[in-house]
Amino acid sequence: MSVVSQAGSILPLTKVRTGAYDRLFYSSMAVLMALTVFVGFSTTYYLRFSGDAPLKTLSGGPVTTLVHVHAALFTTWVLLFIVQTSLVAAHRVAMHRRLGIAGAVLAAAMIVAGTLLAIATAARGSAPAGMTALPFLIIPLADIALFTTFITMAIFKRRDKDAHKRLMLLAYTSVIVAAVARVPGVIKLGPPAFFGLALLFILAGVAHDLISRGRVHRVYIWGGALFIASVPLRLAISSTGAWLSFAKFLVG
């Protein structure tokens, strides 16, 4: 069986159903990831504005202008991701592509702000409980490096919708780790826990591929492998003399 698309072309019914499943899945993931970000940062940022207690970061440092800029950029990303997936679900692809230009600019600003904030935090000697600043610096910087890699490839593959949306989900997962770590009770379990929980978003994409297509898209295979491999790699590097020297150079 087949149906006629809005452009007048004839599409197989299985392809139409797969597209509908994709629109539902990625729209749902956008909302779920937004809720994760809100829960993670609610007690350390968002809900603090409604109380009298002074704003403090997770490590106890001050909430500087750079922190507010970083928060504004990443919150905009969360909202834009919902809008973009909603536009695709509503078949408003032209508007989605126009907003994609703003998304690329936003991503670049996030990379700069995230890098500066990570270095500034380490320069103050701040780190989550049980961790020290210079070794921990590799965690956020590696997150930003992964985000940069995936978002760059997503822009390059913007005409390949199947690859593009999966790369965008991988990019989002790379930076949502910080929110997952701030979910009550998670940070004390250490990096394996919050990286493992963040990995569930990628595994959800893998499961969706298997259910809707019967196979896993290559982007999830190599992207998921890169995400997983980065965790033990960055932890192994974090305490080496070479990394500590480089970290001292960055904060100096």
Side-chain angles (χ1 to χ4, degrees), residues 1-41 46 72-110 147 150-177 179-180 197-221 223-224 227:
M1 295 182 65
S2 60
V3 296
V4 179
S5 70
Q6 292 180 340
S9 58
I10 299 176
L11 301 174
L13 184 57
T14 53
K15 186 173 182 179
V16 174
R17 287 175 176 172
T18 300
Y21 294 151
D22 278 3
R23 289 189 290 272
L24 176 61
F25 172 76
Y26 287 99
S27 295
S28 300
M29 289 296 289
V31 174
L32 178 60
M33 295 174 92
L35 289 173
T36 301
V37 171
F38 179 76
V39 171
F41 285 100
Y46 294 124
L73 291 172
F74 277 72
T75 300
T76 303
W77 169 268
V78 171
L79 298 176
L80 181 60
F81 201 85
I82 293 176
V83 171
Q84 287 290 67
T85 54
S86 299
L87 287 173
V88 172
H91 303 283
R92 300 182 65 183
V93 179
M95 178 62 74
H96 171 88
R97 288 175 177 169
R98 286 195 291 269
L99 272 180
I101 298 173
V105 174
L106 174 62
M110 290 166 61
F147 177 80
F150 291 135
I151 204 70
T152 301
M153 294 197 68
I155 294 171
F156 180 73
K157 289 284 191 179
R158 62 189 180 278
R159 299 296 181 185
D160 182 349
K161 63 180 182 179
D162 286 339
H164 175 77
K165 56 192 171 189
R166 287 165 176 80
L167 286 164
M168 292 299 292
L169 182 64
L170 287 167
Y172 198 164
T173 302
S174 300
V175 292
I176 206 174
V177 172
V180 173
L197 290 172
L199 180 62
L200 293 177
F201 294 111
I202 300 176
L203 294 180
V206 170
H208 168 70
D209 274 6
L210 288 173
I211 294 170
S212 63
R213 290 169 171 79
R215 59 183 176 82
V216 180
H217 195 282
R218 63 185 181 278
V219 165
Y220 280 148
I221 295 174
F227 180 88

Ring pair (Phe, Tyr, Trp, His ring centres under 6.0 Å) against Phe25, all qualifying residues, sequence neighbours excluded: His208
Contacts table for residues 73-83: side-chain donor-acceptor under 3.5 angstrom, sequence neighbours left out:
residue, atom, partner, partner atom, Å
Thr75, OG1, Tyr46, OH, 2.7
Thr75, OG1, Ala71, O, 2.7
Thr76, OG1, Ala72, O, 2.7

Spacing of NE2 belonging to His217 relative to NZ belonging to Lys165, to within rounding of 0.5 Å: 9.0 Å
Interatomic spacing from CG in Leu106 to CD1 in Ile101 - rounded to 0.5 Å: 13.5 Å
Shortest non-hydrogen separation from Val37 to Ala179 and the atoms involved: CA-CB, 3.7 Å
Under-4.0 Å salt bridge between Arg218 and Asp162: no
Set of residues satisfying salt bridge (charged side-chain N to carboxylate O under 4.0 Å, His left out) with respect to Arg92, sequence neighbours excluded: none
Any residue meeting side chain to side chain contact (heavy atoms under 4.5 Å, CB included) with Ile221, in chain and number order, not counting sequence neighbours: Val216
Qualifying salt bridge (Lys or Arg N to Asp or Glu O under 4.0 Å) pairs, either residue in residues 97-108, two or more places apart: none
Pairing of Asp209 and Arg215 as salt bridge, 4.0 angstrom limit: no
side-chain hydrogen bond (donor to acceptor under 3.5 Å, both in side chains) involving His96 - partner list, sequence neighbours excluded: Gln84
Spacing of Ile202 atom CD1 and Met29 atom CE [to the nearest 0.5 Å]: 9.0 Å
Pair listing, side-chain hydrogen bond (donor to acceptor under 3.5 Å, both in side chains) test, anchored in residues 26-39, at least two apart: Tyr26-Tyr220
side-chain contact (heavy atoms from CB on, under 4.5 Å) assessment of Met168 paired with Ile155: CA-CA 9 Å; Met168 292 299 292; Ile155 294 171; over 6 Å; no
Non-neighbouring partners of Arg158 that pass side-chain hydrogen bond (donor to acceptor under 3.5 Å, both in side chains), sequence neighbours left out: none
Separation of Leu170 CG from Phe147 CZ (nearest 0.5 Å): 12.0 Å
Nearest non-hydrogen partners of Arg23 and Val88, listed with the distance: CD-O, 3.3 Å
Test item: Met110 and Ile151 side chains (from C-beta on) under 4.5 Å apart, heavy atoms: no
Shortest non-hydrogen separation from Ala198 to Ile176 and the atoms involved: CB-CG2, 4.4 Å
Side-chain heavy-atom pair Val219, His164 within 4.5 angstrom cut-off: no
